[in-house]
Amino acid sequence: GDRAARAPLIGPRELGEIARAFNDMAESLERQREAQFAFLGGVAHDLRNPLSALRLSVHVLDADNRPLESSVRRTMALVGRQVDRLDRMVGDLLDASQIEACKLDLRVEERDLRDLAQEAVDLYRPVSPEHPIELSLPETPVLVRCDATRIEQVLNNLLSNALKYSPAGGQVDVAVRAGGEGAEIAVRDRGLGIEPEDLAHLFEPFRRLKSTSGSIPGTGLGLAVAKRIVEAHGGRLFVESRPGAGSVFRIELPRSSSRDQADGPRGVSH
Ligand code: ADP
């Protein structure tokens with residue numbers, strides 16, 4: 001009668017079972033995800049060798065002074081560009097699977113962020129002459145302890161996106177700033193921008209936005225990899241954007257001096 005009517009529909013035992021079922025589901029999803037990334041890593045790894053051979057052959061043929069018919073030369077250039085693109089995609093896949101397996105080794109050294117920003121801008125200015133790239137640097141060094149190759153990879157990814165997702169003539173600004181504890185590199189474009197509901201998903205692997213994925217090629221891995229690289233440095237990668245007005249991606253890294261202080265007691269504590 002009365003007691004039965006007030007008894008909870010789900011008792012502690014049922015709750016326990018439901019919780020266990022959820023945990024099992026989460027674990028099996030996690031295992032599936034790991035297996036997927038491991039598979040992708042294997043595929044990427046196997047693609048590397050034939051791709052490298054192809055790349056080398058194209059460059060050898062190109063470097064040869066043998067007179068080539070102009071149509072052949074044009075085709076060679078096209079093959080070269082596509083091979084480079086494949087190589088970058090395979091590299092992204094490899095990085096993503098290694099990062100997923102927590103196998104990202106950083107070779108850390110002290111570097112001036114101004115140099116890294118300068119190098120990235122020098123690299124990308126010739127890539128797209130129709131996008132002016134403005135670089136603004138502080139007068140004094142901005143030292144961070146980082147894996148320069150990895151931070152360059154992040155910068156290259158942000159710059160290539162800024163160019164890819166903004167119309168010809170759209171200016172791109174790269175700015176280095178030093179704050180009290182952190183250092184920042186910002187890459188700003190005046191391109192398509194990103195819808196507010198997409199902002200949260202931007203850094204998920206394989207995520208490509210509806211607005212851009214139809215026409216512009218990409219893997220949707222670049223930003224996922226970039227975020228993990230920055231976080232492995234103890235930093236943050238984030239974005240602010242307005243649709244139609246453009247986006248700014250900020251890399252925030254701890255500065256050498258403040259980090260050394262923060263890390264100080266660590267070695268002493270045991
Ligand atoms: P990819 O560019 O290879 O697709 P990314 O991980 O670098 O992969 O980017 C994921 C998605 O985020 C892109 O497909 C695009 O939709 C969006 N995106 C990235 N950068 C920008 C940008 N600067 N402006 C607008 N959309 C961007």
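Values below: all heavy atoms of this structure, side chains included; hydrogens, waters and symmetry mates excluded. Whatever order the structure lists ligands and atoms in, that order sets their numbers, starting from 1.
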Going by the atom numbers of ligand 1, which of them fall below 4.0 Å from some non-hydrogen atom of [X]?
X: Ser247; result: 24 (N)
X: Leu221; result: 6 (O), 8 (O)
X: Asp189; result: 22 (C), 23 (N), 24 (N)
X: Asn157; result: 7 (O)
X: Lys164; result: 1 (P), 2 (O), 3 (O)

Contact region, Ile194 to ligand 1, non-hydrogen atoms below 4.0 Å, reads side chain
Under a plain distance cut-off of 3.5 Å, with no hydrogens placed, do Asp122 and Gln118 share a side-chain donor-acceptor pair?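 There is such a pair (donor and acceptor under 3.5 Å, judged by atom type) between the side chains of Gln118 and Asp122.
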Report yes or no: do Gln36 and Arg33 form a side-chain donor-acceptor pair below 3.5 Å?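 No pair is found: no donor N or O on one side chain lies under 3.5 Å from an acceptor on the other.
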If we only count N/O pairs under 3.5 Å, is Leu223 in contact with ligand 1? yes
Backbone or side-chain N or O of Gly222 under 3.5 Å from ligand 1 N or O: yes
Charged N-O contact under 4.0 Å between [X] and [Y]:
X: Arg73; Y: Glu69; answer: no
X: Arg145; Y: Glu110; answer: no
X: Arg228; Y: Asp95; answer: no

At the 4.0 Å heavy-atom cut-off, does [X] count as touching ligand 1?
X: Leu192; result: no
X: Phe249; result: yes
X: Gly191; result: no

Smallest separation among heavy atoms of His233 and Ile151, with atom names: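 Heavy-atom minimum between the residues: CE1-CD1, 3.8 Å.
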Mind checking what makes side-chain hydrogen bond (donor to acceptor under 3.5 Å, both in side chains) contact with Ser166, not counting sequence neighbours?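 Expected list: none.
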Suppose we screen for salt bridge (Lys or Arg N to Asp or Glu O under 4.0 Å). Which residues come up paired with Glu17, at least two apart in sequence or across chains? Arg13
